[in-house]
Protein chains: 2
Amino acid sequence: MAPANKEQVMSFRGRVWIDGKEGTFIGYGRVVLLERILEHGSITKAAKSMEMSYRHAWDLVDSMNRQAGKPFVELATGGKGGGGAMVTENGKKAIKVFWRFHRDLQAFLKREEKRLKL
Amino acid sequence: MAPANKEQVMSFRGRVWIDGKEGTFIGYGRVVLLERILEHGSITKAAKSMEMSYRHAWDLVDSMNRQAGKPFVELATGGKGGGGAMVTENGKKAIKVFWRFHRDLQAFLKREEKRLKL
DNA sequence: TGACGTTATTCCCTGTGATATATTACGCTT
DNA sequence: AAGCGTAATATATCACAGGGAATAACGTCA
């Protein structure tokens with residue numbers, strides 16, 4: 001019979017993000033939003049696809065664009081289809097860097113859980 | 001002349017905590033609270049010392065005690081001085097484990113910032 | 001038995017962050 | 001010139017976490 005390992009229902013959790021001049025610059029939600037914009041071509045559709053209000057989505061995009069040296073998203077108002085949103089090369093790079101950061105964190109958490117485990 | 005390294009005002013940030021059966025179990029605020037209780041011997045004084053409401057502090061202590069196998073804090077109502085709060089050995093261990101976890105995260109963040117830096 | 005200081009618990013109230021709603025601006029297309 | 005779908009912006013509404021106040025319960029000590 002196994003020694004009934006106490007109650008190991010504990011899990012080591014964590015979050016990471018990148019701060020800029022105005023506070024949060026790149027985080028989980030923002031990167032998912034960027035990917036949805038990449039997929040749908042508009043803030044409106046991207047926001048709907050992840051059950052986020054348009055206003056919130058627009059604020060996030062605006063915040064990123066203001067803090068980035070070169071914008072992550074190019075916005076077009078009016079025109080064919082009423083306008084739209086396009087993720088720039090710079091934005092795509094940010095997505096890659098963040099996911100790498102995020103993946104590294106998951107590995108870190110696994111290691112810590114093994115090492116400490118209370 | 002140095003090559004004017006764009007605007008490197010970005011910093012890699014993160015938070016860690018430990019989840020239990022009911023959600024958050026141990027986190028930064030909770031550990032600081034434990035230390036203050038250790039120092040002052042009562043929830044009331046500990047809460048005041050960190051500008052936290054008694055109610056909130058009590059909730060946190062209760063949450064930790066319910067989720068821990070053996071309580072982190074022993075509470076006494078009535079008696080000499082009206083009662084008080086004592087951090088148990090188990091609680092002290094939790095403090096140590098969390099600070100280790102937290103310090104490791106800081107090191108992790110430094111490494112990542114060097115490696116990725118966007 | 002009364003006083004004391006703390007834990008324990010309830011109720012109300014407010015600030016605030018988010019959502020929802022509405023309106024305007026925009027520029028291509030027909 | 002009208003229509004379309006989007007961006008951009010302002011206003012109103014809602015939800016809820018958190019604080020504050022108030023009260024009861026508790027057990028030792030004088």
Side-chain angles (χ1 to χ4, degrees), chain A residues 15 17 19 22-25 27-68 70-88 91, chain B residues 15 17 19-20 22-68 70-88 91:
Chain A
R15 294 188 56 234
W17 67 93
D19 265 7
E22 308 176 6
T24 302
F25 174 35
Y28 186 91
R30 290 166 186 241
V31 165
V32 171
L33 177 60
L34 285 180
E35 291 183 330
R36 298 298 177 99
I37 291 174
L38 197 52
E39 185 183 349
H40 292 99
S42 88
I43 294 182
T44 299
K45 286 177 190 161
K48 274 202 183 110
S49 85
M50 58 192 294
E51 305 184 329
M52 177 184 286
S53 68
Y54 170 81
R55 158 105 193 244
H56 187 43
W58 186 89
D59 280 343
L60 293 181
V61 168
D62 191 49
S63 165
M64 286 189 280
N65 275 348
R66 273 184 288 114
Q67 298 189 67
K70 308 211 165 171
F72 284 180
V73 182
E74 273 171 4
L75 287 318
T77 157
K80 186 179 78 174
M86 248 196 54
V87 177
T88 66
Chain B
R15 295 188 57 234
W17 66 92
D19 266 7
E22 307 176 7
T24 302
F25 174 35
I26 306 175
Y28 186 91
R30 289 165 187 242
V31 166
V32 170
L33 177 61
L34 285 180
E35 290 183 331
R36 297 300 176 97
I37 290 174
L38 198 52
E39 185 184 350
H40 292 100
S42 90
I43 293 182
T44 299
K45 286 177 189 160
K48 273 198 183 113
S49 84
M50 57 192 295
E51 305 183 328
M52 176 183 284
S53 70
Y54 170 80
R55 159 131 191 220
H56 190 201
W58 186 88
D59 279 343
L60 295 181
V61 169
D62 192 49
S63 165
M64 287 188 280
N65 276 348
R66 270 184 290 116
Q67 297 189 67
K70 307 211 166 169
F72 284 179
V73 182
E74 273 171 4
L75 288 319
T77 158
K80 187 179 76 173
M86 248 195 54
V87 178
T88 65

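Lettering of chains follows the sequences in order, A, B, ..., and the numbering in each one begins at 1.
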For dT7(C), does either OP1 or OP2 sit under 4.0 Å from a side-chain N or O belonging to W58(B)?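 Answer is no, no contact under 4.0 Å.
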If the cut-off is 4.0 Å, is T77(A) near the phosphate of dA7(D), judged by side-chain N/O to OP1 or OP2?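 T77(A) to dA7(D) OP1/OP2: no side-chain N or O under 4.0 Å.
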Stepwise side chain to side chain contact (heavy atoms under 4.5 Å, CB included) test for F72(A) and N65(A): CA-CA 6 Å; F72(A) 284 180; N65(A) 275 348; 3.9 Å; yes
Got a donor-acceptor contact below 3.5 angstrom from the Q67(B) side chain to the T24(B) backbone?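 Pair found, side chain donor or acceptor close to backbone of T24(B).
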Could you tell me the separation between the [atom1] atom of [X] and the [atom2] atom of [N], rounded to a whole number of Å?
X      : N       : atom1 : atom2 : answer
K80(A) : dT30(C) : NZ    : P     : 11 Å
H56(A) : dT16(C) : NE2   : P     : 18 Å
L75(B) : dT6(C)  : CG    : P     : 13 Å
E74(A) : dA7(D)  : CD    : C1'   : 15 Å
M86(A) : dT6(D)  : CE    : C1'   : 16 Å

Can you give each donor-acceptor pair under 3.5 Å made by side-chain atoms of residues 75-86 of chain B, sequence neighbours left out, with the distance rounded to 0.1 Å?
none

Assuming nearest nucleotide by heavy-atom distance, tell me which of Y54(A) and G79(A) is located more 5' along DNA chain C.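 Nearest nucleotide further toward 5': that of Y54(A).
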Of S53(A) and G82(B), whose closest DNA chain C nucleotide lies nearer the 5' terminus?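 This one resolves to G82(B).
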Counting only non-hydrogen atoms, which of residues 31-52 of chain A are less than 4.0 Å from DNA chain C?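 Of all residues in residues 31-52 of chain A, none places a heavy atom under 4.0 Å from DNA chain C.
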Any chance you could lay out the side chain to side chain contact (heavy atoms under 4.5 Å, CB included) test for K48(B) and K45(B), step after step, and finish with the verdict? CA-CA 5 Å; K48(B) 273 198 183 113; K45(B) 286 177 189 160; 5.6 Å; no
Evaluate the criterion side chain to side chain contact (heavy atoms under 4.5 Å, CB included) for residue pair T88(A) and K70(A); output intermediate values, then yes/no. CA-CA 9 Å; T88(A) 66; K70(A) 308 211 165 171; over 6 Å; no
Against S49(B), only a single residue in E39(B), E35(B), R36(B) fulfils side chain to side chain donor-acceptor pair (under 3.5 Å); can you say which?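 Testing S49(B) for a side chain to side chain donor-acceptor pair (under 3.5 Å) against E39(B), E35(B), R36(B) leaves exactly one candidate, R36(B).
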Kindly indicate, with the supporting measurements, whether the criterion side chain to side chain donor-acceptor pair (under 3.5 Å) is fulfilled by S63(B) and R30(B). CA-CA 10 Å; S63(B) 165; R30(B) 289 165 187 242; 3.1 Å; yes
Quick check for you: to the nearest 0.5 Å, what is the distance between L33(B) atom CG and I37(B) atom CD1?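 If we round to the nearest 0.5 Å, L33(B):CG and I37(B):CD1 are 4.0 Å apart.
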Please evaluate residues I43(B) and Y54(B) with respect to the criterion side chain to side chain contact (heavy atoms under 4.5 Å, CB included), reporting the C-alpha separation (whole Å), side-chain torsions for both, the decisive distance (0.1 Å), and the verdict. CA-CA 7 Å; I43(B) 293 182; Y54(B) 170 80; 3.5 Å; yes
Produce the list of close N/O pairs, under 3.5 Å, pairing protein atoms with atoms of nucleotides 10-15 of chain D; give distances to one decimal.
{"from": "dT11(D)", "atom 1": "O4", "to": "R55(A)", "atom 2": "NH1", "distance (Å)": "3.0"}

